[in-house]
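Single-structure report; data block below.
Residue numbers start from 1 in every chain, and the chains themselves are labelled A, B, ... in the order their sequence lines are given, proteins ahead of strands.
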Amino acid sequence: MIVGYGTQQAKDLTGSVKQISSDDFKDNATGGNSTLALQGRIAGVRVVNTGSSPGAAPSIRIRGTTSRNSNEPLYVIDGQIVSTGISFLNPNDIESITVLKDASAAAIYGSRAAAGVVLITTKRGIVGKPTIEFSSYYSFDNMTNEVGLLNAEDYVTLNQEWYINAGEEPNPLTPAVAGDTNWLDEVFRTGSQQNFHLAVRGGSENNRYAVQAGYFHQEGLLKTTSFDRYSFRVNNDINVGRQFELTSSLDITYGQRARTSEGGIVYRAFQYPKNLAVRDAEGNLVFAGPGFTLGHPLVELENNGYDQGNLRGIGNVSGEYEILQGLKLKTTFGVEYSSNNSKNFSPIALYPTDGNNVNNRPNNSLGVGTDRLFVWNWDNQLSYRKAFGEHTLDAILLYTAQESDFVNYGLFARDFLTNDPSLHVIDASLSLDELTGNNGRRQWAISSLVGRLNYNYKGKYLLTGTVRRDNSSRIHPDFRDATFPSVSAGWVISEESFFDVLFIDRLKVRGGWGEIGNERTSDYPYQSSFVPNNTPYILGVNQNQVPNVVADRIQNSALQWEVSTTTNIGLDANLFDNRLSLTLDYFKKDTEGIIVQPEFTALFGLPPAFQNTSHIRNSGIEIAFTYADDIGELYFEISPNYAYVKNEVVTLSPSEDLRDSSIGKSRVGQPLSRRIGWVADGIFQNQAEVDAHATQLPNTAPGDVRFKDLNGDGKIDADDRDWIGNSLPPHDFGVSILLEYKNFDLNILGVGQAGGDIAWDPFFGYHNFIRPLEITGAALLNRWRGEGTSNFLPRIVKGDPNTNRRFSTLYLEDTDYFRIQNIQLGYRLPQNLIEDWGLTNLRIYTAGQNLFTFSDFNGFDPQTGYTGYPVAGSIYFGVNATF
Amino acid sequence: MKKYNGLTILAMVILLVSSCTDEFLDKQPFAVTSSDAFFTSEQDALLAVNAAYEELKRFKHGGRNDVNAYDATGLMWSGNVHEHPDLVSTFGIVRTFTIQPTDNLANHNWWRGYVGIQRCNQVIQNVSEIENIDSGVRDRIIGEAYFLRGLYYHYLTMWYGGVPIVDRLLDPGQEEDFVIPRSTKEEILALVKSDLEKAESMLPTSYSGDDVGRATRGAAKALLLKVLLWQKDYPAALAKAQEIEGMGYSLVDEYTSLFDGSNENSSESVFEIQFAAVTGENTGSSLSLIYGPNGEGMVPNGGWGFVRPLPDLVNEYEEGDSRKSATVFEIGDTFTKNNGSVITFEDRVNGTGFGTRKYVTDPPSGTTVGINYAPQNFHEIRYAEVILLYAEALLRNGQKDAAVEQINRVRARPSVDLPLLDPGTLTDQQAWEALYHEYRVELALEARFGYALRRWGIASEWYASKAGIDSPLTEFENFKSGKDEVLPIPQRQIDFSDGTLDQNPGY
């Protein structure tokens with residue numbers, strides 16, 4: 001099993017480590033994204049899927065959210081730390097993924113490993129004649145959940161009711177061209193994905209190679225969105241003599257996304273008037289009339305040009321020299337280069353320009369940008385491995401350094417003749433004299449010295465100790481140098497002579513403790529300085545712009561490392577002739593001195609300093625087991641996993657520990673980002689109920705929400721709010737099932753979470769109660785319309801005199817779900833048949849991704865809410881062939 | 001030999017490790033000047049004082065993007081307007097006197113005020129230490145900072161009553177600097193007076209060329225006049241008003257030219273917040289956009305109609321007062337755009353039936369950028385107000401006839417040309433009422449009248465007299481004497497202060 005800076009046998013591990021291989025996730029299950037390969041397979045690892053926007057990168061949380069800075073794990077590909085995630089990586093290239101969850105396992109990676117480490121090994125050469133592997137798939141993608149919107153008639157009725165309930169004349173709502181449009185249908189389509197991947201592997205004893213090339217193309221659910229990725233990888237392993245080995249890995253990837261404004265278009269499609277035709281008789285788009293302030297969803301969809309390209313090259317060369325038997329010196333130099341280019345065209349006529357010339361927006365604009373990240377990374381490592389009788393010793397001394405340099409440039413221009421894509425270059429601007437630009441740069445560097453010792457006695461007693469000293473440019477020189485130790489031990493009880501439980505084949509208990517530093521915040525958090533203010537003032541008879549300079553924030557030179565301390569206790573067991581394997585872990589992780597910029601008194605008149613203030617504790621359990629057996633010719637494996645994470649804020653800066661009016665606040669003793677709000681308690685059915693209840697607002701009337709008078713003082717005010725909702729679901733579970741029968745294989749992966757909720761407007765309309773034209777959700781048909789009609793949804797009324805829109809339990813919806821993430825049926829064609837075609841393996845399969853979701857959630861998807869890009873459900877057809 | 005090679009490599013590695021550890025870790029941010037390298041030249045002093053002006057643009061706004069140059073409190077307290085329905089929770093709560101300590105507006109005003117004060121304190125504290133600077137320029141810059149600090153504190157005390165005094169740069173190492181208690185309103189006014197008196201002595205009477213728009217001695221005197229009236233130091237106020245009379249200010253002929261950008265920094269201008277329409281920069285004013293009637297298409301981006309004049313304001317204008325059509329649109333009124341197209345106001349969004357006219361202009365073509373595109377300066381103090389303050393000082397000193405003469409000067413502006421009031425036929429009370437009327441219509445939508453009601457001490461009676469008028473567009477009857485003269489102290493700041501700050505009565 002791959003561990004940091006070396007390999008170790010799984011049976012000898014003392015930390016919390018889990019590895020999965022490419023066989024586990026198959027190449028089709030990931031929707032072209034390497035991050036998704038981890039979903040549901042490892043207890044305590046959650047992939048936060050932010051929607052199926054082509055080319056978007058989901059994020060990973062290992063053991064929950066612990067810092068208030070970056071919670072993204074550290075990614076290491078073929079021994080090289082990468083700064084920009086792994087979403088660019090072609091999943092077909094991957095041989096295995098290892099996740100280091102606890103501090104003792106991750107300690108060797110130090111400062112950036114506080115949120116865990118994801119180690120990826122790509123396919124390498126194998127001795128023998130060249131084998132050619134080809135794989136391909138095609139998919140059809142659809143939305144996982146439909147969202148109900150009002151039809152034109154109900155839309156008009158509800159709009160008028162909004163005025164009538166306030167005693168006003170209703171707006172006649174005469175559409176420019178009448179129709180009955182569900183704008184979601186106008187902006188979404190059936191998407192598709194196609195993938196081609198070729199790998200050639202082979203070599204001699206002294207020179208092994210793997211060459212891989214891939215192409216992935218995706219058409220998104222939202223019209224005009226797409227993603228193309230071209231990937232190339234060459235891995236080489238060369239032995240020079242018996243003592244020297246040279247290894248190189250090179251990956252070049254280019255990805256191109258066509259995005260438009262995604263979430264913005266979805267939002268506008270929700271809100272745009274339903275009683276409007278899409279186009280008039282001449283085929284021109286019809287715009288909503290006066291008073292409607294949102295842009296037209298199709299104008300933006302058809303004309304907004306937001307494209308992003310990313311070129312990434314990652315390469316490293318490593319030489320290892322065996323000085324003496326067991327004593328090795330290894331040096332690895334790697335470079336990461338990543339360059340983004342973006343183009344964002346904002347079209348003309350988002351709003352109507354005709355007739356009433358309402359909301360006339362005469363200028364179109366184009367922003368282009370490019371950036372460049374260059375990182376070098378150098379590891380020098382001396383390792384010694386030796387067995388003395390029954391003692392085995394494995395020691396590493398490592399010096400590692402990394403430097404990162406980021407530069408960005410941007411240009412912005414207005415006034416283009418038309419929206420035509422051929423004009424989407426700055427040179428086409430009619431106002432080149434008013435071109436604006438920007439350019440910035442930031443750098444960061446770290447160096448560390450690490451020692452690690454593994455000791456193993458008779459395979460029974462296992463001990464690992466690591467000490468790491470980090471120096472980061474982000475910390476003031478006086479506090480820059482910090483040392484973080486960790487230690488872990490294991491005891492393989494089943495190796496003891498006294499152990500004779502027959503059904504237990506192997507039993508190991510392990511425990512570990514370790515500290516890891518984190519400083520992933522701004523690149524210059526401790527400095528304070530004078531900076532040019534981004535808006536000039538105007539002075540002089542000629543109205544000149546005058547520059548001005550302001551202090552940027554309060555200085556805190558004493559800023560120090562944020563430290564997370566993890567304790568982990570675990571158990572690994574194999575039972576019943578190794579048919580059942582079981583892993584249990586308990587962990588407690590305390591992140592202290594978290595670097596934040598806590599708001600404090602306004603008296604200083606400056607943004608606050610970065611400070612080490614909060615302390616967050618995550619604790620939890622993880623259970624995973626696998627049962628594998630044969631029944632006749634049927635082989636099966638079932639692997640459920642479950643994780644529970646309890647999140648608690650232990651301390652905050654004094655200024656943050658406030659019961660504040662806004663939602664999504666933290667408080668000591670509560671999970672991070674809990675919400676504070678009122679507790680809705682049904683609807684006032686008549687005036688008598690209004691009168692009988694505590695005073696809410698002067699114009700509260702029947703049909704309004706009754707809020708609980710939690711402090712019983714007879715009036716509903718800010719003091720009646722309570723902690724409601726939890727945006728961090730504590731329960732995660734997954735299950736994977738593999739069945740093999742003769743030439744058939746069936747893989748099923750289920751994923752779920754529970755205990756969390758999302759704050760939003762599940763009815764699509766109340767959040768916009770002040771703009772009746774944006775009342776939109778079909779759920780509003782169940783609103784209160786008179787005594788006894790509803791005890792859940794309030795009336796629709798102009799002015800919202802009871803502020804029914806205030807944040808209350810009405811606006812929480814639980815996000816519990818269980819989903820068949822992937823189900824795949826494969827068939828290997830008989831060997832005698834394919835040999836004639838020159839093949840050694842040919843497998844065809846069909847698969848479904850996200851096809852079945854069990855959830856009460858009303859929006860597109862419990863993971864994304866409703867304004868973002870929806871999650872796709874896909875049906876795949878694919879083939880894997882080996883020549 | 002092979003063993004020797006290995007040891008050589010090992011030695012090289014160790015050498016590299018020890019040699020390159022430190023230097024590459026020293027990273028300094030780009031595009032900034034470190035704190036100890038600033039405030040060393042005249043240019044630095046200018047850059048810093050310009051920042052103290054720049055904050056004025058942000059200081060008086062209530063939210064929604066970076067919309068600047070409006071003062072929700074002043075506008076809504078003036079009782080002249082109703083707000084866009086989207087602004088119930090920002091403007092509406094001020095109009096209906098339902099603002100809570102937890103509302104963002106309360107905290108926003110407080111925050112921006114202390115940002116402005118900090119920028120002034122940077123200048124006051126550091127510029128005097130600069131050696132490489134002409135002493136005349138140095139004194140002027142410090143004088144500007146005193147004027148601006150006085151202006152910021154003047155607003156803070158009108159909004160909140162007493163506030164904490166921060167008259168130096170605070171030290172984050174000192175715990176007591178985080179929890180400064182409130183001073184009384186009288187103490188704040190005394191500080192403002194002292195700042196303005198320093199400014200008065202250090203500032204020039206006028207500027208030329210590139211410095212036009214900076215604070216002048218006249219601006220300091222005019223604000224001081226207002227502060228003396230707040231302090232009820234009436235003899236001093238009258239003396240100050242008379243000093244200003246000798247400074248050469250005069251009313252411009254054309255009332256509308258004050259607000260359409262055609263007459264910037266005019267003879268009537270005492271202090272203007274300076275704006276210019278520059279493509280790509282937020283140097284313009286957003287006032288034209290946010291005042292521009294909603295859904296009528298008069299200005300780029302449609303006009304947001306944040307405030308809509310109430311019928312009561314429209315009725316306040318006398319027959320034949322041309323300032324009405326310069327201030328509001330009535331249904332059927334027209335607006336001519338730069339391209340010659342004529343738009344008729346129809347109140348398409350079912351507002352109050354009236355639209356805001358003052359400060360609404362179609363910007364010069366080609367400069368339409370974002371929301372801050374309007375070129376007009378905003379009048380922080382103009383001479384018409386100074387004349388009315390003079391009248392107020394005269395009335396306070398029992399000189400009714402002289403006061404009415406001053407009110408008549410405002411009515412006699414050529415483009416206004418209303419019948420003059422006869423001092424002899426007016427009682428003292430009627431003279432006061434004439435002042436109230438003139439103040440309200442002359443300065444309508446400039447966010448002045450609400451503060452004046454409080455300075456005059458008649459807020460309670462005035463709002464009570466308007467109870468029920470224009471209902472349901474207004475809720476004047478909610479005004480509670482002893483509470484609604486000021487805003488609540490922001491709850492966040494009370495919490496930050498560890499309870500050192502106390503809340504205003506009634507909140």
Side-chain angles (χ1 to χ4, degrees), chain A residues 290-291 321 323 329 331 356-363 380 382 399 403 434 436 440-445 447 471 473 480 524 527-531 533 535-541 543-551 554-555 600-606 609 655 658 660-661 718 770-771, chain B residues 6 9-10 13 17 21 24-27 29-35 38 47-48 50-51 53-54 85-86 88 102 110-111 114-115 117-119 122 164 166 170 172 178 180 209-214 274-276 278-283 295 297 300-302 348-349 368 492-493 495-497:
Chain A
Y321 183 72
I323 302 165
L329 180 67
T331 183
N356 291 329
N357 57 20
V358 170
N359 292 328
N360 174 11
R361 181 173 283 187
N363 281 356
N380 293 296
L382 192 65
Y399 170 76
E403 184 171 21
E434 290 168 353
T436 56
R441 186 171 185 186
R442 57 177 194 267
Q443 294 177 326
W444 169 72
S447 75
N471 278 284
S473 66
R480 184 167 283 173
Y524 308 98
Q527 288 106 326
S528 162
S529 33
F530 285 90
V531 297
N533 191 0
T535 41
Y537 191 63
I538 296 292
L539 282 173
V541 282
Q543 305 248 292
N544 305 315
Q545 299 176 55
V546 294
N548 56 99
V549 164
V550 296
I554 295 169
Q555 174 134 4
F600 58 73
T601 174
L603 297 176
F604 284 76
L606 279 173
S655 70
L658 299 173
D660 188 78
S661 61
I770 39 181
R771 288 188 289 268
Chain B
I9 295 167
L10 182 62
V13 168
V17 167
T21 305
F24 84 112
L25 291 175
D26 288 325
K27 301 287 185 215
F30 291 88
V32 304
T33 306
S34 72
S35 299
F38 199 66
L47 288 168
N50 291 346
Y53 284 98
E54 197 277 334
D86 278 11
V88 168
T102 48
W110 183 281
W111 233 107
Y114 281 102
V115 171
I117 288 162
Q118 177 264 137
R119 292 186 183 180
Q122 290 280 4
V166 178
L170 298 183
F178 289 78
I180 301 172
D210 290 347
D211 288 321
V212 168
R214 294 188 183 277
Q274 306 281 315
F275 292 100
V278 181
T279 297
E281 295 287 357
N282 283 317
T283 52
N301 291 356
R348 291 174 170 88
V349 296
T368 314
R492 272 190 95 64
Q493 302 302 332
D495 292 343
F496 289 152
S497 80

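Counting heavy-atom pairs closer than 4.5 Å to chain A, the top residue among B:Ser34, B:Ser497, B:Gly209, B:Gly213 is B:Gly209.
In terms of heavy atoms, B:Gln274 sits closest to A:Leu539 at CG-CD2, 4.4 Å. When every heavy atom of A:Ala551 is checked against every heavy atom of B:Gln122, the shortest pair comes out as CB-NE2, 3.8 Å. For the residue pair A:Pro547 and B:Asn50, the shortest heavy atom distance occurs at O-ND2, 3.3 Å. Nearest approach of A:Leu606 to B:Trp111, heavy atoms of both residues: O-CH2, 3.5 Å.
A:Asn533 is listed as a side-chain neighbour of B:Arg119, based on a closest heavy-atom distance under 4.5 Å.
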Side chain to side chain donor-acceptor pair (under 3.5 Å) between B:Glu54 and A:Asn548, intermediate numbers included: CA-CA 8 Å; B:Glu54 197 277 334; A:Asn548 56 99; 5.4 Å; no
Derivation of the side-chain contact (heavy atoms from CB on, under 4.5 Å) call for A:Leu603 and B:Leu170: CA-CA 8 Å; A:Leu603 297 176; B:Leu170 298 183; 3.8 Å; yes
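Using a 30° and 60° split on the angle between ring planes, A:Phe604 and B:Phe178 fall in the tilted class, from 30° to 60°.
B:Gln493 is linked by a side-chain hydrogen bond (donor to acceptor under 3.5 Å, both in side chains) to B:Asn107, counting only residues two or more places apart in sequence or in another chain. The side chain to side chain contact (heavy atoms under 4.5 Å, CB included) test applied to A:Gln443 returns A:Asp405, A:Arg441, A:Tyr524, B:Lys27, B:Phe30, not counting sequence neighbours.
Only the backbone of B:Asp211 comes within contact range of chain A, with heavy atoms under 4.5 Å apart. For chain A, the nearby parts of B:Thr283 are the backbone and the side chain; heavy atoms of each come within less than 4.5 Å.
With values rounded to the nearest 0.5 angstrom, A:Asn471 atom CG is found 8.5 Å from B:Phe24 atom CZ.
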